[in-house]
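The basis for the numbers below is simple: all heavy atoms, side chains too, and nothing from hydrogens, waters or symmetry mates. Note that ligands are numbered from 1 as they come in the structure, with each ligand's atoms numbered from 1 the same way.
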Amino acid sequence: MDKTVLITGAGHRIGAQIARSLHRNGFSIAVHYNSSHAQAQALVASLNAERKNTAIEIQCDLSSGPFVDKLIGAVSNHWGRLDLLINNASIYEPSDLSVEDPDAWNRIISTNLRAPYMLSVGALPMLREARGAIINLTDIYALRPQLGYAVYCASKAGLVGLTKALALELAPDIRVNGVAPGPIVWAPGDDPHHRLEVMQKTPLGRLGTETDVANAVCYIATASYVTGQIIEVDGGRSIFI
Ligand SMILES: NC(=O)c1ccc[n+]([C@@H]2O[C@H](COP(=O)([O-])OP(=O)(O)OC[C@H]3O[C@@H](n4cnc5c(N)ncnc54)[C@H](OP(=O)(O)O)[C@@H]3O)[C@@H](O)[C@H]2O)c1
C-alpha cells in the first residue's frame, strides 16, 4: 500500500505544491483545508485522476473545535495508516502593538502552534506504527523577526522549539523536522518594490517558488538519518548581512 501523508492547509499555494510533489513520489494524500473548498476539491480530483483512490479532502478549522479527531479519524478510517504529518496551515498577519487584541493572539497561536502540537500528539499511534515523520513549516522570520509581525514570529519561533523538542522525545520511532521558507508566495497586494528589495538581498539572485519548498519537504520525507533540523529554503537570504 502507498505511504500516506496528511497535509494541513493544502488547498492552494505552498501546501498544494507539497501535495502534488509527494503524490508524484508515490504518497497518498489527505488534503486538509478550511475555506478553500473549490481549490481543495480540484486538487484531490486531479490527484485521483492520476492514480485512483490516492487523495481525500477534509475540511476543518484548526483554531478551535474537535479538529484532531476529525482529521486523524478520517485518515485512519480511509487508509488505516499515516506515515507523514505536515503542519503547513498558518495565519500570517501583522500585529498592531497599539491595540490590545487577545483574539488575534489566540487565533494565530492556536492555528500556528497549538494545532501542530495537538495533531502531532493525535497522530502518534499511527506515526509510531509506520515509523513515520512530522514536518513543520516554520519561517526564516522565526529566529530573526520581521518588523510588524510580533505574534506571527513568536508562533513560528515556538514551532521551531516544538520541532526540536518532539524530535528528541519521539526518537527513534518518529523523525521530526522543519522547513523554513524565506518569502516565496507573496500576500495579495504586496508592494513590488519590497519584492525587488528582497531579491537584491538574496544571494541566489531570484525569488523562491512553491516547488523549491516542496523539494525540501520531499528530501526530508525520505532522509532517514535526519531529525531535529530546520532547513532554510531562502536562496541564502538569511546569511546576507
Ligand atoms: N508564503 C511564503 O512565502 C512563506 C514564507 C515563510 C513561511 N511560510 C510558511 O509556509 C507555509 C505555507 O505558506 P503559504 O503562504 O502557502 O500559507 P498560507 O497561504 O498563508 O496558509 C496556508 C493555509 O492555512 C490555512 N489556514 C489558515 N488558518 C486556518 C485555520 N484556522 N484552520 C485551518 N486552516 C487554516 C488556510 O486554508 P484555507 O485557505 O483552506 O482557509 C491556508 O490556505 C506556512 O506555514 C507559512 O507560514 C510561507
Could you identify the single nearest non-hydrogen protein atom to [atom] and state the distance to 0.1 Å?
| atom | answer |
| --- | --- |
| atom 31 (N) of ligand 1 | Asp61 OD1, 2.9 Å |
| atom 12 (C) of ligand 1 | Asn88 OD1, 3.0 Å |
| atom 15 (O) of ligand 1 | Arg13 NH2, 2.9 Å |
| atom 3 (O) of ligand 1 | Ile184 N, 2.5 Å |
| atom 22 (C) of ligand 1 | Gly9 O, 3.9 Å |
| atom 27 (C) of ligand 1 | Ser90 O, 3.3 Å |
| atom 42 (C) of ligand 1 | His12 NE2, 4.4 Å |
| atom 6 (C) of ligand 1 | Asp139 OD2, 2.9 Å |

Could you check whether any heavy atom of [X] sits closer than 4.0 Å to an atom of ligand 1, since that is the contact criterion I want to use?
| X | result |
| --- | --- |
| Gly11 | no |
| Glu210 | no |
| Val179 | no |
| Tyr152 | yes |
| Gly182 | yes |
| Cys60 | yes |
| Lys156 | yes |

**Q.** Minimum non-hydrogen distance to atom 1 (N) of ligand 1, winning option of Val31, Ile91, Val185
**A.**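 When every heavy atom of Val31, Ile91, Val185 is considered, Val185 comes closest to atom 1 (N) of ligand 1.
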Looking at [Y] and [X], is any side-chain nitrogen of the basic one under 4.0 Å from a carboxylate oxygen of the acidic one?
| X | Y | value |
| --- | --- | --- |
| Asp139 | Arg144 | no |
| Glu93 | Arg107 | yes |
| Arg131 | Asp83 | no |

Nitrogen or oxygen of [X] less than 3.5 angstrom from that of ligand 1:
| X | result |
| --- | --- |
| Gly15 | no |
| Tyr92 | no |
| Ser35 | yes |

(Q) I'd like to know whether Ser28 forms a side chain to side chain contact (heavy atoms under 4.5 Å, CB included) with Val5, so could you lay out the CA-CA distance, the side-chain angles of the two residues, the decisive distance to 0.1 Å, and finally the verdict. (A) CA-CA 6 Å; Ser28 288; Val5 54; over 6 Å; no
Check each atom of ligand 1 against the heavy atoms of [X] and keep those under 4.0 Å away; list them by number with element.
| X | answer |
| --- | --- |
| Leu62 | 30 (C), 31 (N), 32 (N), 33 (C) |
| Thr111 | 28 (N), 29 (C), 30 (C), 31 (N) |
| Asn34 | 30 (C), 32 (N), 33 (C), 34 (N), 37 (O), 38 (P), 40 (O), 41 (O) |
| Tyr33 | 40 (O) |

**Q.** Donor-acceptor pair between Asn136 and Thr138 side chains, under 3.5 angstrom
**A.**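 Distance-only check fails for Asn136 and Thr138.
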Q. Does any donor atom in the side chain of Asn53 or His78 lie under 3.5 Å from an acceptor atom in the other side chain?
A.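 Their side chains do contain a donor-acceptor pair, which is all the 3.5 Å distance test asks for.
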Q: Mind telling me whether Tyr92 and Tyr152 have parallel, tilted or perpendicular rings, with 30° and 60° as the class edges?
A: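 The arrangement is perpendicular - the two ring planes meet at more than 60°.
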